[in-house]
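Residue numbers count from 1 along this sequence.
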Amino acid sequence: MADDSFDVVIVGGAATGSSTAFHLAAHPDFSGRVLVLEKDPSYQTCASARSAASIRQQYSAAINVEISLYGIAFLREIGARLAVEGDAPAIGLREGGYLFLASDAGADALAAAHAVQTSLGADIALMAPDALAARFPWLNTEGIARGSLGLSGEGWFDGYGLMQAFRRKARSLGVTYRAANAIALERSADRITAVRLADGTRIACGWVVNAAGAGGADLARTAGIDLPVANKKRMIFTFTCPDAVPDCPLLIDPSGVYVRPEGQGFLCGTAPPPQDDPDSADFEVDHALFEDVIWPTLAFRIPAFERLRPGRAWAGHYDMNLFDQNAILGPAPGCANLLLANGFSGHGLQQSPAVGRGLSELVVQGRYATLDLSPLGYGRIARNAPLVERKVV
């Protein structure tokens, strides 16, 4: 017999799990009990707390553009949406834009993605090198054939603040949070009957949402479901610069190195080459990546950064979908009451508003009622039909 029972058990209490909890509790047609299990209530190592905390519409897949269009609307209205007893959260949203730079080799793909983005209403400008140089005089456009700049609706914010705002609002609406490590899903035929915790406790459930981040693939495996998701370490480095770089957007060099303002300084990073990108669970920072790759690239693209002064650095993890770099959302295969929210590949924080809303609709209404997230369902994996996202930063 189970030790407790809830209508919905959400494994993972960071941004995606807490967004789902909030949207469930706020749904006018839902009156059940919701439990959120979070193994690290300090949230010190979760992706929501360690990401570059940004949002963009510049994706190549239409569904990702649509998700982020809702996301930016939500973030703009967060004070009203997530206020608790008149106390409105503030996440410091700054719509500074993304600037993707492309060489000749990437110019056609940039233009194709731009066509998708603008057809859906995203405010993105495609710019030639001379226009880029005029707008950003500090930018070296050597080797650049085209740039794509978000004029509005893109930028950065306090990711930890967003996560905590979801969590606080969910709790105010009656959601229960419990510090516990979910180690297994107990399955009978096509249903999950209970979630088993590390201390042996069993929690019976009507629905389960797997929003366990870096542990999501392991948890799914206990129910006989294999997800093509691996943990990939990503590092963020900060620095200051004595020379002004005014109106700097979040800039992505053709090499994949990115940089954006952060307070009075900047933060930056890049993905390592595939041969140097194993599965990882540690949080060690490889400072050679900054010294040997990132800094030289930044100094070439923005000469003022030749004189930068390095600051602190940290590491976190992407739950990377190796199949097509897109999230795996919605019903699990052959399991009627298990919903997946895994493999976000670095996009989970910015996608959490739309994903939480969508998963809550599946529980309450049995379908996606607002934005159809089914293109990101597990079915594409079973069909071997990847929905490739070509703009992974």
Within a 6.0 Å radius of atom [atom1] on [X], are there more than 12 heavy atoms belonging to other residues, nucleotides or ligands?
X	atom1	value
D108	CG	no
R33	CZ	yes
E77	CD	yes
D247	CG	no
K39	NZ	no
Q275	CD	yes

Counting the benzene-type ring for Trp, do F166 and F74 have ring centres under 6.0 Å apart?
yes
Under a 4.0 Å N-O cut-off, is there an ion pair linking [X] with [Y]?
X	Y	answer
R367	E361	no
D4	R178	yes
R234	D277	yes
E95	R76	yes
D286	K233	no

Would the distance check show the side chain of [X] and the main-chain N or O of [Y] forming a donor-acceptor pair, the cut-off being under 3.5 Å?
X	Y	value
R187	A223	yes
H114	L110	no
S172	V84	no
T238	R312	yes
Q57	G153	yes
N337	I192	yes
K232	D319	no
Y43	G13	yes
H27	R357	no
R380	G377	yes

For [X] and [Y], which heavy atoms make the closest approach, and how far apart are they?
X	Y	answer
G147	L101	CA-CD2, 4.3 Å
W138	P249	CH2-CD, 4.0 Å
I91	G161	CG2-C, 4.0 Å
Y378	P331	CB-O, 4.1 Å
V9	C205	CG2-CB, 3.8 Å
G330	L359	N-CD2, 4.0 Å

Evaluation steps, salt bridge (Lys or Arg N to Asp or Glu O under 4.0 Å), between R56 and E154:
CA-CA 5 Å; R56 58 180 163 112; E154 297 189 321; over 6 Å; no
Ring-face cation contact, F239 with R309, 6.0 Å cut, 45° max:
no
Test: R94 cationic atom under 6.0 Å from F157 six-membered ring centre, within 45° of axis:
no
Are [Y] and [X] connected into the same hydrophobic cluster when the rule is that any two of I, L, V, M, F, W, Y join if their side-chain heavy atoms are below 4.5 Å apart?
X	Y	answer
F30	V209	yes
I225	V208	yes
I55	I67	no
I302	I252	no
L251	I294	yes

D123 and Q117 side chains, donor-acceptor separation under 3.5 Å
no
Are a donor atom and an acceptor atom from the side chains of E389 and S60 found within less than 3.5 Å of each other?
yes
W207 meets the ring-ring contact (aromatic ring centres under 6.0 Å, His included) criterion, sequence neighbours left out, with none
For W314, ring-ring contact (aromatic ring centres under 6.0 Å, His included) partners two or more places apart
none
Please walk me through it: do L267 and V259 pass side chain to side chain contact (heavy atoms under 4.5 Å, CB included)?
CA-CA 6 Å; L267 62 76; V259 63; over 6 Å; no
Residue list, salt bridge (Lys or Arg N to Asp or Glu O under 4.0 Å) with R260, at least two apart or on another chain
E262
Using the side chain to side chain contact (heavy atoms under 4.5 Å, CB included) rule, take I63 and L387 through it: C-alpha gap first, then chi angles, then the decisive distance, then the call.
CA-CA 10 Å; I63 185 60; L387 177 68; 3.8 Å; yes
Using the side-chain contact (heavy atoms from CB on, under 4.5 Å) rule, pick out the option among N181, I203, I183 that qualifies with L197.
I203
Give me the ring orientation class for Y98 and F100: parallel if the planes are under 30° apart, tilted from 30 to 60°, perpendicular past 60°.
parallel
With a cutoff of under 4.5 Å between side-chain heavy atoms, which Ile, Leu, Val, Met, Phe, Trp and Tyr residues group with [X]?
X	value
F300	none
M320	Y318, L322
V116	Y59, V65, L69, L120

Applying side chain to side chain contact (heavy atoms under 4.5 Å, CB included), run through V11 and L219 and close with a yes or a no.
CA-CA 9 Å; V11 182; L219 186 67; 3.7 Å; yes
Could you tell me if the side chain of [Y] sits less than 4.5 Å from the side chain of [X], heavy atoms only?
X	Y	result
V195	L37	yes
L24	V8	yes
S345	N326	no

Apply side chain to side chain contact (heavy atoms under 4.5 Å, CB included) to Y70 and T370, showing your working.
CA-CA 10 Å; Y70 174 71; T370 48; over 6 Å; no
Verify salt bridge (Lys or Arg N to Asp or Glu O under 4.0 Å) between D3 and R202, making sure each step is shown before the conclusion.
CA-CA 5 Å; D3 299 278; R202 296 175 65 253; 6.0 Å; no
Verdict with supporting geometry, F266 and F305, ring pair (Phe, Tyr, Trp, His ring centres under 6.0 Å):
CA-CA 10 Å; F266 299 85; F305 288 161; 5.0 Å; yes
